[in-house]
Asks: 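Pasting a structure here, questions to come.
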Amino acid sequence: MVRFKNDDSAYVGRYLAVVADGMGGHAGGNVASASTVLDLVHLDSAVYEDEPLTVLADEIQAANSLLSELVTTSPQLSGMGTTVTALLLHEQRLALAHIGDSRAYRLKDGRFEQISIDHTFVQRLIDEGRLRPEEAEVHPHKNVLMRVLGDVDASPELDLATFDVEPGERWLLCSDGLTAVLRDTDIEGVLSSTQDLQECVDTLVELTLAGGSPDNVTVAVIEITEDPDAGSAPATARLSELPSRDHGPRASAVTAAAPPALEDAPEAEAAPASEDPESERERAALIRQDLSSRPHVLVGAASLATETGEIPIVTKRSAERRAARMLTHKAGTEQPQQDGDSPRAGWKRWLLPAFLTVVALLLVVVVWLGYTWTQTRYYVGSYDNRVAIYNGVSQTVGPIQLSHVTDISDIPVDSLSEYHRNRVEDTLPARDLEHAGEIVSELRDTAKAVLCPPADTPSPTAAPTPGATSAPGTEQNNACGGER
């Protein structure tokens, strides 16, 4: 018997789109992706208490904390994780949060480009110039992730960005099941030539499955349109709408489970069985009722959890969080004046931003002082096969190089002995510029010694006659020795 299991989850609404690809196999990949997606769906709104990008990042961090709690209460889920690529629309701006190797693409003004960056081992090698993109496609470790949500990091590092949007542009979110089979040119061709969004995602999934996808594939396509209530000059961009009965968002999402290898034996799900099936059905119904208040598309493991309650641990936690959120919202609306009119409440509201500002300023000062100190350092290294003097330290911080060449000598590195050549390639630190010059002078003498062996002891031969040509060895010594 072959077990089909989908670890992908996706949600697309009027203001929110998110794709998550769970990892951990039987140990809870579906739990991780479903829990994370269902934790974010309440953001599908036009009103936020803070900047949309900040809200999106905070909620993803909160979803990560929930995954850690699930592992604590259910140790069999240890090691589970998920990628997340999410878009949050607010007025004319689109906030992007990303971690893992799911991808976000944009088609705007005829230009198709990958917006997200894969957090994989091979992508790091490409960024460092140690691997070519075409080599990454066949690298044995191309699927090794460096960053994910889940039972890995208490505070995962997200890629965050904000983009101006215009009516007519399209965005595509997908799990790596799509990009493992289709090239970017294939995806662009379908996205740009297919008008109907549902047909677009169906075509992409069919092409992927036909190409023998080794993984689940999930695709969500979103199109930006003018606000239908704002006339010809909209104040707010929205996901465009399909002419359907419930006026759902003009965004389509499809997920499909790839057939697993025949050696995949059936195993019990990592999530514990529900002790009370009736309670699970009630929790699933509560989640469905909450989701029904907004037009949306929900697919994958998240849909399975809400429609059938077959992932009870996700259903239980999601229902509990929704109940708590509803109670908090109700309490806040019952006492708006007490909090809003209190001077102390206003002071508390500004305390955190002020603290973060001070911390940021201190960080900037520390970084500036550290960089200034590095520029007082010197070292000798190689540049274009020449011995060179560098100002700074032989390190990089992200894209920032902490040193630059100040002087390039005429000494070829290849002319040095193996010992000195290795030292130069490993860099030779110097106290100051003058000391660096002394090191270069010593290396020049070493290079001469290597290139110019000592002259042979003259043999007792007759003195050369006037006009006679010197011996070849004598010419070499004159040329190498320079000074006599």
Asks: Go through E169 and R111 one step at a time and tell me if the side chain to side chain contact (heavy atoms under 4.5 Å, CB included) criterion holds.
Replies: CA-CA 10 Å; E169 69 180 81; R111 180 184 179 187; over 6 Å; no

Asks: For residues N64 and G150, report the shortest heavy-atom separation together with the two atoms involved.
Replies: OD1-N, 2.7 Å

Asks: Do L125 and H139 come within less than 4.5 Å of each other through their side chains, counting heavy atoms only?
Replies: yes

Asks: Minimum heavy-atom separation for M146 to T120, with atom names?
Replies: CG-C, 3.5 Å

Asks: Give the intermediate values and the outcome of side chain to side chain contact (heavy atoms under 4.5 Å, CB included) for residues L178 and Y105.
Replies: CA-CA 12 Å; L178 178 74; Y105 291 91; 5.7 Å; no

Asks: Carefully, step by step, assess R103 and T85 under the rule side chain to side chain contact (heavy atoms under 4.5 Å, CB included).
Replies: CA-CA 7 Å; R103 290 184 179 178; T85 304; over 6 Å; no

Asks: With a 3.5 Å distance limit and no angle check, can you tell me whether Q114 reaches the backbone of S116 through a side-chain donor-acceptor pair?
Replies: yes

Asks: May I ask you to test the D21-T218 pair for a side-chain heavy-atom distance under 4.5 Å?
Replies: no

Asks: Counting C-beta onward and ignoring hydrogens, is there a side-chain heavy-atom pair between L38 and L298 closer than 4.5 Å?
Replies: yes

Asks: Using 0.5 Å steps for rounding, measure from the CG atom of L204 to the SG atom of C174.
Replies: 8.5 Å

Asks: Kindly say whether S33 contributes a backbone atom to a donor-acceptor pair with the side chain of T36 at under 3.5 angstrom?
Replies: no

Asks: How long is the straight-line distance from CZ of R147 back to CG of L158, given to the nearest 0.5 Å?
Replies: 8.0 Å

Asks: Is Q61 reaching over with its side chain to a backbone N or O of P156, donor-acceptor style, under 3.5 angstrom?
Replies: yes

Asks: Out of curiosity, Y379 OH to N391 CG, how far, rounded to the nearest 0.5 Å?
Replies: 9.5 Å

Asks: Let me confirm one number: the CD1-CG distance from I222 to L172, rounded to the nearest 0.5 Å.
Replies: 7.0 Å

Asks: Go through the steps for L149 and I60 under the test side chain to side chain contact (heavy atoms under 4.5 Å, CB included), then give the verdict.
Replies: CA-CA 9 Å; L149 293 190; I60 292 177; 3.7 Å; yes

Asks: Could you check whether any side-chain N or O of S74 sits under 3.5 Å from a backbone N or O of Q76, counting only pairs where one atom can act as donor and the other as acceptor?
Replies: no

Asks: Parallel under 30°, tilted from 30 to 60°, perpendicular over 60°: which one fits the rings of H296 and Y11?
Replies: parallel

Asks: So, taking the atom named CD1 in I115 and the one named CG in L87, what distance separates them when rounded to the nearest 0.5 Å?
Replies: 10.0 Å

Asks: Hey, does the side chain of D186 reach the backbone of R183 with a donor-acceptor pair shorter than 3.5 angstrom?
Replies: yes

Asks: Would you confirm whether N30, through its side chain, and D7, through its main-chain N or O, come within 3.5 Å as a donor-acceptor pair?
Replies: no

Asks: I'd like to know if R14 pairs up with D44 as an ion pair, taking the criterion as any Lys NZ or Arg NE/NH1/NH2 lying under 4.0 Å from an Asp or Glu carboxylate oxygen.
Replies: no

Asks: Can you see which heavy atom on S175 is nearest to which on V19, and at what distance?
Replies: N-CG1, 4.0 Å

Asks: For atom CD1 of I408, is the number of surrounding heavy atoms from other residues, nucleotides or ligands below 6.0 Å larger than 12?
Replies: yes

Asks: Between L43 and L88, which heavy-atom pair has the shortest distance, and what is it?
Replies: O-CD1, 3.5 Å

Asks: What heavy-atom pair brings P133 and I126 nearest, and what distance separates the two atoms?
Replies: CA-CD1, 3.9 Å

Asks: Could you measure the distance from the CD atom of E199 to the CD atom of E206? Nearest 0.5 Å is fine.
Replies: 9.0 Å

Asks: Does D127 pair with R124 as a salt bridge, N-O distance under 4.0 Å?
Replies: no

Asks: Does a sphere of radius 6.0 Å around CD in E51 hold more than 12 heavy atoms from other residues, nucleotides or ligands, not counting ones at 6.0 Å or beyond?
Replies: no

Asks: Using a 4.5 Å cut-off on heavy atoms from C-beta on, say whether the side chain of L207 contacts that of L182.
Replies: yes

Asks: Could you tell me whether a side-chain N or O of T194 sits under 3.5 Å from a main-chain N or O of L191, the two making a donor and an acceptor?
Replies: no

Asks: Can any side-chain N or O of D384 pair as donor or acceptor with the backbone N or O of R386 at less than 3.5 Å?
Replies: no

Asks: Report the relative orientation of the aromatic rings in Y48 and H90; use parallel for angles under 30°, tilted for 30 to 60°, perpendicular for over 60°.
Replies: perpendicular

Asks: Answer yes or no: is there a side-chain heavy-atom contact under 4.5 Å between Q123 and D101?
Replies: no

Asks: So, does H119 use its side chain to make a donor-acceptor pair with the main chain of V148 at under 3.5 Å?
Replies: no

Asks: With a 4.5 Å limit on heavy-atom distance, are the side chains of D118 and D176 in contact?
Replies: no

Asks: Indicate the atoms forming the closest heavy-atom contact of L77 with V71, along with that distance.
Replies: O-CG2, 3.8 Å

Asks: Does any part of the side chain of M80, heavy atoms only, come nearer than 4.5 Å to the side chain of L70, both counted from C-beta?
Replies: yes

Asks: Checking T83 against S102 for the side-chain hydrogen bond (donor to acceptor under 3.5 Å, both in side chains) test, could you report, in this order, the C-alpha distance in whole Å, the side-chain angles of both residues, the deciding distance, and whether it holds?
Replies: CA-CA 6 Å; T83 70; S102 296; 2.7 Å; yes

Asks: Do L402 and R377 have side-chain heavy atoms sitting under 4.5 Å apart?
Replies: no

Asks: Please check this pair: side chain of Y390 against backbone of S382, looking for a donor-acceptor N/O pair closer than 3.5 Å.
Replies: yes

